[in-house]
Colleague: 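Would you mind keeping the following structure in view while I ask a few things?
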Amino acid sequence: MKDGMLTIALSKGKLIESALDLFRRAGYTGAGLSSESRRLIFPCPEIDTTFLIVRPSDVPTYVEYGGADAGIVGKDVLLEQESDVYEPLDLGFGACRISVAALRGEGSRDRLSSKIRVATKYPRITERFFNQRGIPVEIIKLYGSIELAPVVGLADRIVDLVETGGTLKAHDLVEVEVIAHSTARFIVNRASLRLKHHPLMELIRRLRAATDTKVPVSGNGRRPPGRKVKSRQARV
Ligand SMILES: Nc1ncnc2c1ncn2[C@@H]1O[C@H](COP(=O)(O)OP(=O)(O)OP(=O)(O)O)[C@@H](O)[C@H]1O
Ligand SMILES: O=P(O)(O)OC[C@H]1O[C@H](OP(=O)(O)OP(=O)(O)O)[C@H](O)[C@@H]1O
């Protein structure tokens, strides 16, 4: 690959449209780059950049080990994986929170004498959180549909992402405590920051400017009601 050429890993799924939109507004766009395609690698020589489309939880791995110079991923994933990457930008979109939830009426149940069972996709965040409170937990690792676990008696509580609260409500669950807030972050490989300093700093500058001209949108691409875009969105 050409010296100075950047490789950027984007999370497929909920963050991809907002990420592509941000790159377009920052002036980085390439022929054929689309979330609709089945392709996973998009060389865009006209902007000296190659985009990779990877699973959200794999983005920090690509960036930490140099498979990509930079990437876009949710703070939730970074908190879980504690990867050794540089995190220069909060991009604002993909806003949600990582919360503890329980079935309505059971959130304050005193179970401190025995271990409570907590189902989650985020075992490290969960362990840290309950350890800090001195609450013994048994963590049940799941990969999705976490809200089902208390409903079928698999767990007493869950730790999962909450945006609108709709999924919790649909399963008669209530948010007991917010552990952390999450938004999409731009992350950079530490060695790349030295070796490709100029193109990366230019990219960070442009992404920051493009982020500053737009209010944050939710993970589903919806803008919070009543908030206005500060400046017109440039189409590229
Ligand atoms: N309901 C939501 N509202 C806002 N942002 C969300 C929401 N759900 C997820 N996100 C953000 O989008 C990121 C990607 O979520 P998505 O559901 O697309 O992938 P995933 O299924 O969690 O990924 P993986 O396949 O790696 O497990 C999350 O890490 C989080 O930062
Ligand atoms: O508060 P809400 O707006 O309802 O959003 C929260 C839901 O969104 C995410 O699920 P996702 O759609 O990614 O499904 P999965 O994690 O079960 O695969 C998250 O895991 C919650 O289930």
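Just so you know, ligand 1 is whichever comes first in the structure, and atom 1 is the first atom listed for that ligand. Numbering starts at 1 and runs along the sequence shown.
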Colleague: Is there a nitrogen or oxygen of Tyr143 sitting under 3.5 Å from a nitrogen or oxygen of ligand 1?
Modeller: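 Such a contact does not occur with ligand 1.
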Colleague: Would you mind running through ligand 1 and noting each atom that sits below 4.0 Å from a heavy atom of Ala95?
Modeller: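 Matching atoms, with element in brackets: 4 (C).
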Colleague: Which atoms of ligand 2 have any heavy atom of Thr167 under 4.0 Å away?
Modeller: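 Answer for ligand 2: 2 (P), 4 (O), 5 (O), 6 (C), 7 (C), 22 (O).
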Colleague: For ligand 1, which atoms, with element, lie under 4.0 Å from some heavy atom of Gly74?
Modeller: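 Here the atoms of ligand 1 in question are 31 (O).
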Colleague: Count the heavy atoms of every other residue, nucleotide or ligand shown that sit under 6.0 Å from CZ of Arg190, and state whether that count exceeds 12.
Modeller: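 Above 12, so yes.
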Colleague: Val77 heavy atoms, cut-off 4.0 Å: which ligand 1 atoms fall inside?
Modeller: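 Contacts of ligand 1 toward Val77, numbered from 1: 29 (O).
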Colleague: Counting from 1, what ligand 2 atoms have a heavy atom of Thr164 closer than 4.0 Å?
Modeller: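 Listed by number with element: 1 (O), 2 (P), 3 (O), 4 (O).
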Colleague: Near Val162, which atoms of ligand 2 are under 4.0 Å from a heavy atom of that residue?
Modeller: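 Once the distances to Val162 are compared, the set is 1 (O).
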Colleague: Determine whether a donor-acceptor pair (N or O, by modelled atom type, separation under 3.5 Å) exists between the side chain of Ser83 and the backbone of Val85.
Modeller: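 Not at all, since once roles are kept as given, no pair shorter than 3.5 Å links the two residues.
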Colleague: Counting from 1, what ligand 2 atoms have a heavy atom of Glu147 closer than 4.0 Å?
Modeller: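 Every atom of ligand 2 under 4.0 Å from some heavy atom of Glu147: 21 (C), 22 (O).
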Colleague: Going by atom types alone, do Arg185 and Thr183 pair a side-chain donor with an acceptor below 3.5 Å?
Modeller: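 Short answer, yes.
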Colleague: Only heavy atoms of Ser145, strictly under 4.0 Å: list the atoms of ligand 2 that pass.
Modeller: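 In order of numbering, the contacting atoms are 15 (P), 17 (O).
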Colleague: Does ligand 1 have an atom under 4.0 Å from some heavy atom of Gly94?
Modeller: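 The answer is yes: ligand 1 sits under 4.0 Å from a heavy atom of Gly94.
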Colleague: Against heavy atoms of Gly166, which atoms of ligand 2 measure under 4.0 Å?
Modeller: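 Ligand 2 atoms under the 4.0 Å threshold to Gly166: 1 (O), 4 (O).
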Colleague: Please tabulate, for the side chains in residues 144-154, all donor-acceptor contacts under 3.5 angstrom to protein atoms that are two or more places apart in sequence or on a different chain.
Modeller:
none

Colleague: Is the shortest distance from a heavy atom of Lys14 to ligand 2 less than 4.0 Å?
Modeller: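 Checking ligand 2 against Lys14, which is what was asked, there is a heavy-atom contact under 4.0 Å.
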Colleague: Is ligand 1 under 4.0 Å from a heavy atom in the side chain of Ser57, in the backbone, in both, or in neither?
Modeller: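 Within the 4.0 Å criterion, Ser57 contacts ligand 1 through backbone and side-chain atoms alike.
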Colleague: Do Asp160 and ligand 2 have an N or O pair less than 3.5 Å apart?
Modeller: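 N/O-N/O distance below 3.5 Å exists for this pair.
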Colleague: Between Glu202 and Arg205, does any side-chain N to carboxylate O distance fall below 4.0 Å?
Modeller: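 Yes.
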Colleague: For Arg38, which residues count as a salt bridge (Lys or Arg N to Asp or Glu O under 4.0 Å) partner, sequence neighbours excluded?
Modeller: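 Not a single residue meets the salt bridge (Lys or Arg N to Asp or Glu O under 4.0 Å) criterion with Arg38.
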Colleague: Does some side-chain heavy atom of Leu103 sit less than 4.5 Å from a side-chain heavy atom of His171?
Modeller: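 A side-chain contact is absent here, since even the closest heavy-atom pair is not under 4.5 Å.
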Colleague: Do the charged groups of Glu87 and Lys75 touch, with an N to O distance under 4.0 Å?
Modeller: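 Lys75 and Glu87: salt-bridged.
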Colleague: At a 4.0 Å threshold, what atoms of ligand 1 neighbour a non-hydrogen atom of Gly13?
Modeller: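 So the atoms of ligand 1 that pass are 18 (O).
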Colleague: Could you tell me whether Gly144 and ligand 2 have an N or O pair separated by under 3.5 Å?
Modeller: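 No, no N or O pair falls under 3.5 Å.
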Colleague: Relative to the heavy atoms of Lys121, which atoms of ligand 1 are at a distance of less than 4.0 Å?
Modeller: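 That gives atoms 20 (P), 21 (O), 22 (O), 27 (O) of ligand 1.
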Colleague: Strictly below 4.0 Å, N to O, side chains only: are Lys14 and Glu163 in salt-bridge contact?
Modeller: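 Looking at Glu163 together with Lys14, the answer is no, because their closest N to O distance does not fall below 4.0 Å.
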Colleague: Looking at Arg157 and Val100, would you say the former's side chain and the latter's main chain have a donor-acceptor pair under 3.5 Å?
Modeller: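 It does not hold such a pair.
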Colleague: Give a yes or no on whether a salt bridge exists between Arg208 and Asp212, defined as a side-chain N under 4.0 angstrom from a carboxylate O.
Modeller: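 Salt bridge absent between Arg208 and Asp212.
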